[in-house]
Protein chains: 2
Amino acid sequence: MDRRQKKTRSAIFNAFSKLLAEKSYNKITVQEIIDTANVGRTTFYAHFETKDDLLKALCEELFGHIISSTLDCTHTHGLYSSGNAPESVFCHLLQHLQENENNIIELLSSESSELFLRYFKDSLNKLIENQFVNQNRKNNTDIPQDFLLNHISGSFVEMVLWWIKSRMKQTPEELDRYFRAVIEPIL
Amino acid sequence: MDRRQKKTRSAIFNAFSKLLAEKSYNKITVQEIIDTANVGRTTFYAHFETKDDLLKALCEELFGHIISSTLDCTHTHGLYSSGNAPESVFCHLLQHLQENENNIIELLSSESSELFLRYFKDSLNKLIENQFVNQNRKNNTDIPQDFLLNHISGSFVEMVLWWIKSRMKQTPEELDRYFRAVIEPIL
DNA sequence: TTTGCTATTGAACTTATTGTACGTTAATGA
DNA sequence: TCATTAACGTACAATAAGTTCAATAGCAAA
């Protein structure tokens, strides 16, 4: 890929992230993005069809990265297969979030958090689904599996939101313990 | 309140709901709203400052109604205090949703669901918080109470979303049973 | 019914934003 | 070096937001 393209793409992403941390998605104009990114109007539309398109691309980059890196770290373990091993998938995710690469936390706490949440949850679902099938579960066979899946990823997302809202006072390990306490009894 | 005001207000609400079921919030224009509602441009701005203001008013009306009506039905009971009483708060809520007063379901399944979700969850939180304090719980005292609160209301919202996404195949009673199965073990 | 008040109307208008067109400039990689 | 192509910037049409104002119509009380 052309060096110029990479440069503009990244400039636009950065500008967009910066603006998203400041104001709500629908109040951000293309004009502001290109002003902040310091690129021409035509250039923007050469890269992205619309603002929605830009958001989609940003989300794919952000969550694709965090999920695949978590997968790498834990591909040898199940969801919680090593008992209370510190290297649980969820703990890894929380640690990644705390390190806040790419300002995911800022985006999740922005006014447009809902937009990211859905992408986040979708990514999580794929991640958990993979690990879930290899899991030996209790006899909750009367509860549908996709209900449980949704419950787990949904609860996790809501917990992260709660974490951010309460200013991330807890450590990832603490949070992981809370999460186990409400999830493990039903696995 | 003047009969004319009521009429206009309701016409705008109806038009807005109809449009929200069809398309995403940020793609709806004021022009479309006033065309659908058959009111003048000036009239719209006499009632609502912005489109966001309209949304807020709609949410307050919708969720305020459903929550207070659930409160009325269950003010004599705790969260689940009557064992597996059919008149649990959650079952009531689900039944209300299924009856689909005011098209809440359509709004929650629209592309703009995120906007309603936060209102929904906020309302839920207040509702549950009230009932929660009167509840005799197990010895999960090492898990913060507001974490549990958030977990319950968050899970409920995510469950409703899952319900809608899977076309509401389950009955409210079934769903309530699923929900108990994942929530009661931690209470 | 009359009267005063107020909500609604419609049209015009300013400003802001979107998305496109096109000729020019400058960086890139072979 | 040279052909390619990304980026620039200016201009432009189309659409939308929000305001102003005079005119109209509906309401509630006398």
Side-chain angles (χ1 to χ4, degrees), chain A residues 1-61 107 110-116 119, chain B residues 1-61 107 110-116 119:
Chain A
M1 195 192 239
D2 199 314
R3 220 179 299 159
R4 290 170 292 179
Q5 285 187 53
K6 278 189 200 167
K7 208 172 139 193
T8 13
R9 190 179 164 88
S10 132
I12 292 176
F13 273 165
N14 286 336
F16 190 44
S17 299
K18 183 166 172 261
L19 290 168
L20 275 168
E22 288 170 8
K23 49 166 71 178
S24 133
Y25 173 75
N26 22 6
K27 279 178 186 150
I28 295 173
T29 65
V30 175
Q31 192 63 52
E32 288 175 302
I33 298 173
I34 64 182
D35 283 348
T36 311
N38 231 338
V39 297
R41 185 166 202 73
T42 327
T43 309
F44 176 89
Y45 284 107
H47 281 260
F48 306 99
E49 288 186 15
T50 60
K51 213 175 60 176
D52 286 355
D53 194 31
L54 168 60
L55 176 71
K56 200 183 156 204
L58 181 68
C59 285
E60 273 165 10
E61 195 152 300
L107 296 180
S110 76
E111 285 183 55
S112 327
S113 58
E114 295 85 9
L115 296 159
F116 298 99
Y119 280 96
Chain B
M1 191 191 243
D2 199 315
R3 220 179 295 157
R4 292 169 291 178
Q5 285 187 55
K6 278 189 200 167
K7 207 173 141 194
T8 318
R9 193 178 162 87
S10 132
I12 292 177
F13 274 164
N14 285 336
F16 190 44
S17 300
K18 184 166 172 260
L19 289 168
L20 275 169
E22 287 169 9
K23 49 167 70 178
S24 135
Y25 173 74
N26 22 6
K27 279 177 188 152
I28 296 173
T29 65
V30 175
Q31 193 62 53
E32 287 174 304
I33 298 173
I34 63 182
D35 284 348
T36 311
N38 231 338
V39 297
R41 184 166 202 74
T42 326
T43 309
F44 176 88
Y45 285 107
H47 281 260
F48 306 99
E49 287 185 15
T50 60
K51 214 175 59 178
D52 285 356
D53 193 31
L54 168 60
L55 176 70
K56 198 184 158 206
L58 181 67
C59 285
E60 273 164 11
E61 194 152 303
L107 296 179
S110 76
E111 287 181 55
S112 330
S113 58
E114 296 86 9
L115 297 157
F116 299 99
Y119 280 96

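Chain identifiers are assigned alphabetically (A, B, ...) following the order of the sequence lines, protein sequences preceding nucleic acid strands; residue numbering begins at 1 within each chain.
Closest to the side chain of A/Gln31, from the set D/dA7, C/dT28, C/dT18, is C/dT18. Each of C/dT9, D/dA7, D/dA17 was ranked by its minimum atom distance to the side chain of B/Thr43; first place goes to C/dT9.
From B/Lys51, atom NZ reaches atom CG of A/Asn26 across 7.5 Å, with rounding to the nearest 0.5 Å. Taken to the nearest 0.5 Å, the CZ atom of B/Phe48 stands 5.0 Å off from the CG atom of B/Leu54.
Here D/dC8 presents its C1' atom at 14 Å from CG of A/Asp35, a figure rounded to the nearest Å. As rounded to whole Å, 16 Å separates atom C1' of D/dT15 from atom NZ of B/Lys27. Atom OH in A/Tyr45 sits about 12 Å away from atom P in C/dT17, given to the nearest Å. Per the geometry, CZ belonging to B/Phe44 stands 16 Å off C1' belonging to C/dA7, to the nearest Å. Per the geometry, CD1 belonging to B/Ile12 stands 13 Å off P belonging to C/dA7, to the nearest Å. Rounded to whole Å, atom C1' of D/dG18 lies 14 Å from atom CG of B/Asp52. Distance, A/Arg3 CZ to D/dT5 P: 17 Å, rounded to whole Å. When the P atom of C/dT17 is taken as reference, atom CG of A/Asn26 falls 14 Å away, rounded to whole Å.
Side-chain nitrogen and oxygen atoms of B/His47 include none within less than 4.0 Å of the OP1 or OP2 phosphate oxygen of C/dA7.
The nearest heavy atom of DNA chain D to B/Glu32 and to A/Asn38 marks one nucleotide each, and the one closer to the 5' end goes with A/Asn38. Closest-nucleotide positions on DNA chain D for B/Thr29 and B/Arg4 were compared, and the one nearer the 5' end corresponds to B/Thr29. Sequence order on DNA chain C of the closest nucleotides to A/Val30 and A/Met1 puts A/Val30 first from the 5' end.
A donor N or O paired with an acceptor N or O is found under 3.5 Å between the base of C/dG10 and the side-chain atoms of B/Thr42. For B/Arg41 and C/dG10, a side-chain-to-base donor-acceptor distance below 3.5 Å is absent, hydrogens and geometry of angles not being considered.
Around atom CD of B/Glu49, no more than 12 heavy atoms belonging to other residues, nucleotides or ligands sit under 6.0 Å away.
For B/Tyr25 and B/Asp52, the side-chain atoms include at least one donor-acceptor pair closer than 3.5 Å.
When the options B/Lys27, B/Lys23, B/Lys18, B/Arg41 are evaluated for a salt bridge (charged side-chain N to carboxylate O under 4.0 Å, His left out) with B/Glu32, the one that passes is B/Lys23.
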